[in-house]
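Below you'll find the structure, written out as structure tokens, and then a few comments.
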Amino acid sequence: MLEIIQLSKRYGKTLAADSVSFQVPDGRVGILLGPNGAGKSTVIKSIAGLLKFEGAIRIQGMDSKTLEAKKAFAYVPEIPNMYEALTVREHMEFIKRAYGLQTDDRDVDSLLERFELLDKQDKLGNELSKGMMQKVSICCALLISPRVILLDEPMVGLDPAAIKELKQAVGELRNSGCTVLISTHMLEMVKELWDVTFVMDKGHILGTYSREEVGDEDLEELFFQVTGTGKEDREED
């Protein structure tokens with residue numbers, strides 16, 4: 001389970017997140033929606049441990065700052081961070097050692113093959129395209145078999161085959177009891193994945209909606225209804 005409890009973050013006089021609270025249970029896929037400037041990035045970076053904040057974040061009941069919580073958590077950022085002098089395979093080896101994983105080469109090979117990186121395993125980080133970097137980041141996150149995973153715009157830059165594999169992987173994570181939180185603008189890509197949606201704007205969670213409550217209602221329409229954006233506004237954009 002991922003719990004965000006009264007999270008607040010201020011940049012100077014700007015309150016980017018104002019007492020934000022929500023939770024994603026085990027075995028559920030949560031979607032965080034919001035326009036630019038809503039405060040999503042602040043929440044995401046706080047969960048990932050990249051920002052100081054007020055309030056609390058719990059991963060599987062543990063304070064997110066603890067080592068045990070970090071071992072249970074994986075993060076796929078919007079902009080992948082690669083080590084320029086490490087190969088694709090060495091990135092995976094780095095993760096294995098950092099997390100003390102007991103996985104063998106077959107587990108690494110399986111992930112690399114799944115995301116069509118096996119023939120790219122000797123390429124250096126600075127030789128990879130944005131899409132390939134994104135796939136390496138996803139593979140590194142999946143390698144640790146996380147109990148909670150945060151994906152920020154994970155499908156941007158991916159080819160159709162990789163998007164299909166990522167969707168399948170998200171489904172597998174959910175079925176294994178993993179907690180998944182996705183922040184994305186590509187709503188069409190997650191329409192069959194989500195269990196609960198959080199709509200955020202101006203530093204607040206405006207609404208929380210489960211699939212059971214709204215059925216198969218279009219996420220885009222739900223977003224516009226909650227944020228008060230009308231058809232005319234969308235056409236002007």
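These numbers come from the heavy atoms of this one structure, side chains and all, not from hydrogens, waters or symmetry mates. Here the structure is a predicted model, which means the values were calculated and not measured.
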Minimum heavy-atom separation for A141 to P146, with atom names?
-> O-CD, 3.5 Å

Of all heavy-atom pairs linking L124 and A85, the shortest is CD2-O, 3.6 Å

Tell me, which pairs form a ring-ring contact (aromatic ring centres under 6.0 Å, His included) where one or both residues lie in residues 91-129, sequence neighbours left out?
-> Y83-H91, Y83-F94

For the pair D107 and K96, find out whether any cationic side-chain nitrogen is under 4.0 Å from an anionic carboxylate oxygen.
-> no

With a 4.5 Å heavy-atom cut-off, do V108 and E93 have their side chains touching?
-> no

Any chance you could pull the hydrophobic cluster mates of F22, using side-chain heavy atoms under 4.5 angstrom and chaining through other members?
-> L2, I4, L7, V20, V24, L32, V43, I44, I47, L50, F53, I57, I59, F73, Y75, V148, L150, L181, V196, F198, M200, I205

Given a cutoff of under 4.5 Å between side-chain heavy atoms of I, L, V, M, F, W and Y, with clusters grown through shared members, what are the other residues clustered with L15?
-> none

For residues 25-39, which residue pairs qualify under side-chain hydrogen bond (donor to acceptor under 3.5 Å, both in side chains), counting only residues two or more places apart or in two chains?
-> D26-T179, R28-E212

Quick one: does C140's side chain get under 4.5 Å of M92's, heavy atoms only?
-> yes

Is the number of heavy atoms from other residues, nucleotides or ligands within 6.0 Å of CD (E84) greater than 12?
-> no

Is there side-chain contact between I138 and L158, with heavy atoms separated by less than 4.5 Å?
-> yes

Determine, using the 4.5 Å side-chain heavy-atom cutoff (strictly less than), whether L187 and I182 are members of one ILVMFWY cluster.
-> yes

Contacts of K70 that satisfy side-chain contact (heavy atoms from CB on, under 4.5 Å) - sequence neighbours left out = none

Whether S110 side chain and R106 backbone form a donor-acceptor pair below 3.5 Å | no

Any side-chain heavy-atom pair from L33 and L222 closer than 4.5 angstrom?
-> no

Pair K167 + E192: basic N to acidic O under 4.0 Å | yes

Do E172 and Q168 have side-chain atoms, one donor and one acceptor, less than 3.5 Å apart?
-> yes

Is it true that atom NZ of K202 has more than 12 heavy atoms of other residues, nucleotides or ligands lying nearer than 6.0 Å?
-> no

Taking atom CD of E113 as the centre, does the number of heavy atoms from other residues, nucleotides or ligands within less than 6.0 Å exceed 12?
-> no

Does atom CZ of R174 have more than 12 heavy-atom neighbours, drawn from other residues, nucleotides or ligands, at distances under 6.0 Å?
-> yes

What residues join Y11 in its hydrophobic cluster, counting side-chain heavy atom gaps under 4.5 Å, either direct or through other members?
-> L51

Q134 and V76 have their tightest heavy-atom pair at NE2-CG1, 4.3 Å

Is any side-chain heavy atom of C139 closer than 4.5 Å to a side-chain heavy atom of L117?
-> yes

For residues K40 and P35, determine if any side-chain heavy atom of one lies less than 4.5 Å from a side-chain heavy atom of the other.
-> no

